[in-house]
Amino acid sequence: MGMEIPFDVANIPGPEMGEVAPPEVIGNYISRAKRPLLVVGSEILRDDFFLETAIEIGKKGIPIAATGHSIRGFVEKGYTENVNYCNLHELTNCLRDPNWKGLDGKGNYDFVIFFGIVYYYASQMLSCIKNFAIDPLIRAVSIDRYYHPQARMSFTNISPKMEAEYKDMLNRLVSSIKRRGGQES
Amino acid sequence: MELLKKGGVFTIAGLENVQIRIGEIEEEEEEWEPLGPHPMPGIATLRDWDFKLLKRYKPFYAPFCDMCCLCTYGKCDLSGNKKGACGIRMDAQHGRIVLLACLVGCSAHCGHGRHLLHDLVRRFGRDTPIDFGPGVNVEAPLTRLICGIKPRTIGDYERVFDYIEEQIVQLADALHTGQEGSYLDFESKALHMGMLDSLSKEAADIIQIAAYGMPTSYEGGGPDVPLVEVGIGTIDTNKPVILVIGHNVPPAAEIGDYLTDNGLEDSVELAGICCTAIDTTRVYKKAKIASALGRQLRVIRAGIADVVVVDEQCIRADILEQCKRVHSPLIATNDKALHGLVDRTDDNPDEIVADLVNERVPGVVILDPERVGEVAVKTAMQIAKRRKALRLILSDEEFRHYVSECTQCGNCTLACPNGLPIGEANQSASTGRIEPLAALFDKCVGCGRCEQVCKKHIPIVDVITKAAYPQLREEKGRMRIGRGPVWDSEIREVGAPIVLGTIPGVIAPIGCGNYPDGTRDAWLIVKEFAERNYIVTLTGCMAIDAALWKDEEGKTVYEQHHGRFDAGGVLNIGSCVSNAHIHDAAIKIASIFARRTLRGNYEEIADYILSRVGACGVAWGAMSQKAASIATGFNRLGIPAVVGPHGTKYRRAFLGRPDIKEDWQIIDATDGSEIYFEPAPQHLLVACETVEEALPMIAKLCFRPSDTDRGRSIKLTHYIDLSLKYLNIYPPDWHLFVRTATDLPVAKKDELLKKLEDEHGWEIDWKMKRIKEGPIRGYDPSFNPTNLKRLIREKK
């Protein structure tokens, strides 16, 4: 762990900046969530591996909000069981409301995992969650190849030439997510 | 009266020592229409309307910075919606920042308009008539609506600017520490600023149209305006090239006049970047459009300009440094952007030319547009031969050297607004495969931040330009020149189909070029909606960028589609200030089609537009503060806007929540009953991550409660079809917009009824193919929606 440069180098929000963490730590953090939500964006479509990773996480009982046009990938894979299309702006607007009923009508989430979303859009939405989804608190982490200071935890910046290492990190992260009975709590 | 025209100074016989000065004669406004309730509204006049909007479309804040650094109490940490030392919370602080952005944007349009007024009154006289021809009787809808004034001459706009400037100052005052503390009131003020911005734009464009005789409804105007060449490849670099950049057209117009007067139209190229380019084509037939804002740095670096003339707005702050690099003399023509140059306005033009040609000075300030014309042309002609001998594009050897120097450290990617993979593209180029590097040319927003952080000092912008040079030389599009106002006669034809929904919407791609994925998205948005018989009205950089792409037949969207304000039309309305005519078209639907009075009647007209006119702005590459005030002006008038992902950095959106029933109450003005209605439109300002997501969203934001069943059916057809095409799903909320079975697209009626039954639990009468139970509300052809109680005809 340590200080890192934001992926968009000047994107320094202020005194409260997220931690850089290894996959297992983020995986354990996700495992402690009561109602987590995986929020994926269009960048997961750049390689089948990322779509499969999202589906793996989904199969652990974590519902998926597919933003941007990422829903296309899930439909093409035939995995739509716990996947909902959402516009990220609309979704974040709901997340900041404690009274929101959630995608399943059972209430808001306590944890969101951002994955494959255009960096600066994700950063802005993470900022909204950090600053306004505070009572009750929603914890947000990023598992993209960027350091996201607006998230509570994220990976470090990972150069595109380190793609294999990044994929390995995602595999380790997925392995470390433990959900009771593979179902949503 | 003659005396008054000479300055309003006269003496009375016998009282020769007494001088009387009359500054202005205030004529009583002719009673051309009954005066509405809100002429020249102040900050709080339309607050009730704003609060109605803000209740349904609640401000959403995504802070760009968690701190406030505006006073010496600070820096204050506002994270977690904490308060600063002055007591302001994070949400209010962000409302404040939004107001500040709108202030800057509105000031740019107002300042530009006032500057134009000064120049054009001096050049053409304040009595220059506003006459837009037989097709345009409602010449200034926003001016009539907001100010209650029907302007006859450009001089009448002095009063309008007086009003705007006074309001801007009052709103700026509200930004001071210890003033406003409510985020809702900051947003109301931002909406007020947005409205003033729209008025400023209209004023500026009307003045220049009237003075320069830009296209109107006279012959050759409107849908019949000519096409103009667009793209770097269209510029004949064998000739001396003058490049104008900015928004304020008088200097460029004077260059055109000088070329014409001296028979040099075919000897010298006059090309432009950004809105000055668009406006130059409205006054000088031979002008060309080099590019939109996003290509500015690269056009300059390509070295094609023998002289660069800048006026105001959207000019690179380092323009002088960039011009020096390629030995292009710079002429600054506007006191708002002087770039440290010496003011030579009153010097002998030939001496200035000699200094520029011999590079004794890198540039000059000339504040008199007429003198700019002479100096720019003479300089370009004298310096061109020497400049043409310069080699400004990298040689093959230099290119190979630079790309092989790259260590792929990733600093450029971290500095890039779009996070482009420059290092990987360099590596590929070093092995001889330049395609990835060339492909970055269009995706690059042209900021140059990458070069500053390169440890190897690689001129990355030049490297990308070199890789893309062959395609750059082939960048040759065509677009219509800015047509200005939509004609009243066109509104008469389309008013009913738009309000009834059978023309599914008016889509307005506008604004800057900070696109997430290149200019092709601009083209795609226009193409999709024009082919679906929406009316597409473009302005500014997006109008230019959309013209860079062609279909299989080699035609641009402007060549492929007609230019009428009618179904399937693709209209270049003009520059940034011209986009007031898009507001105006919506206002004229209320005025000409629905016969609502305009004068001082903003609230009622905005209410009409919000409920009935299916229009949606699209600022896919919104970047500037002007774009913030433009969008906010659209929003107050009841027109939603979609922005690209960079638009989230404006920090604020206006988002509706369909799941909160109490937000979706509207009044039936026929009997005063309150109706729970579908979210139409759902948002006033929303961002999409990708163009694939934006296309169905834009279609969704064209729903209005007034749609007839036939209109709703057409709108639903496109919403569903675009979602299936680009997202591969039925929109999850399509059922919210179904009121009756006849709202359903005919071709899919059975399928959709089944989905409503199976997926949403609606009760269907299959024998009659009717919906028995399920919709938010039924369809009532006599429904007369309003958000204003005062418009109820008979109270229940």
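Only this structure's heavy atoms are used, side chains among them; waters, hydrogens and symmetry mates stay out. In the text below, chain A, chain B and the rest are named by the order of the sequence lines, each starting its count at 1.
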Sort out for me which of [options] touches chain B most, counting heavy-atom pairs under 4.5 Å.
options	value
Cys128(A), Ala122(A), Gly14(A), Cys86(A)	Cys128(A)
Asn84(A), Asp97(A), Asp135(A), Leu126(A)	Asp97(A)
Ser127(A), Ser70(A), Ala10(A), Gly41(A)	Ser127(A)
Ala66(A), Ser159(A), Pro15(A)	Pro15(A)
Lys130(A), Arg96(A), Met125(A), Glu76(A)	Arg96(A)
Lys161(A), Gln150(A), Glu90(A)	Glu90(A)

Exercise. With under 30° as parallel and over 60° as perpendicular, where do the rings of His646(B) and Tyr120(A) fit, or are they tilted in between?
Worked result: parallel
Per-residue contact mode, [X] against chain B (heavy atom under 4.5 angstrom):
X	result
Asn157(A)	side chain
Cys94(A)	both
Ser123(A)	neither
Leu88(A)	backbone
Ile129(A)	neither

Nearest 0.5 Å, please: how far is [atom2] in [Y] from [atom1] in [X]?
X	Y	atom1	atom2	value
Asn728(B)	Tyr85(A)	CG	OH	13.5 Å
Tyr146(A)	Leu414(B)	OH	CG	11.0 Å
Lys101(A)	Ile660(B)	NZ	CD1	10.5 Å
Lys82(B)	Ile134(A)	NZ	CD1	8.5 Å

Exercise. Would the number of heavy atoms belonging to other residues, nucleotides or ligands and lying under 6.0 Å from OH of Tyr73(B) be above 12?
Worked result: no
Exercise. Is the number of heavy atoms from other residues, nucleotides or ligands within 6.0 Å of CD (Glu435(B)) greater than 12?
Worked result: yes
For this session: Over all heavy atoms of both residues, which pair between Ser42(A) and Thr690(B) is shortest? Give the atoms and the distance, please.
Result: OG-CG2, 3.4 Å
Exercise. Looking only at heavy atoms, which two atoms of Asn87(A) and Ala687(B) are closest? And how far apart?
Worked result: ND2-O, 3.0 Å
Looking at [Y], is its backbone amide N or carbonyl O close enough to the side chain of [X] to form a donor-acceptor pair, meaning the two atoms are under 3.5 Å apart?
X	Y	answer
Gln124(A)	Thr648(B)	yes
Glu689(B)	Val118(A)	yes
Asn131(A)	Ala62(B)	no

Are any of the side-chain heavy atoms of [X] and [Y] separated by less than 4.5 Å?
X	Y	answer
His89(A)	Leu655(B)	yes
Thr413(B)	Phe7(A)	yes
Phe132(A)	Pro63(B)	yes

Quick one: which of [options] has the most heavy-atom pairs under 4.5 Å with chain A, could you say?
options	answer
Met67(B), Arg657(B), Met90(B)	Arg657(B)
His94(B), Glu693(B), Gln408(B), Lys75(B)	Glu693(B)
Asn411(B), Asp91(B), Val691(B)	Asp91(B)

Between [X] and chain A, with a heavy-atom cut-off of 4.5 Å, which part of the residue counts as in contact: side chain, backbone, both or neither?
X	result
Asn81(B)	both
Pro516(B)	both
Pro59(B)	backbone
Gln427(B)	neither

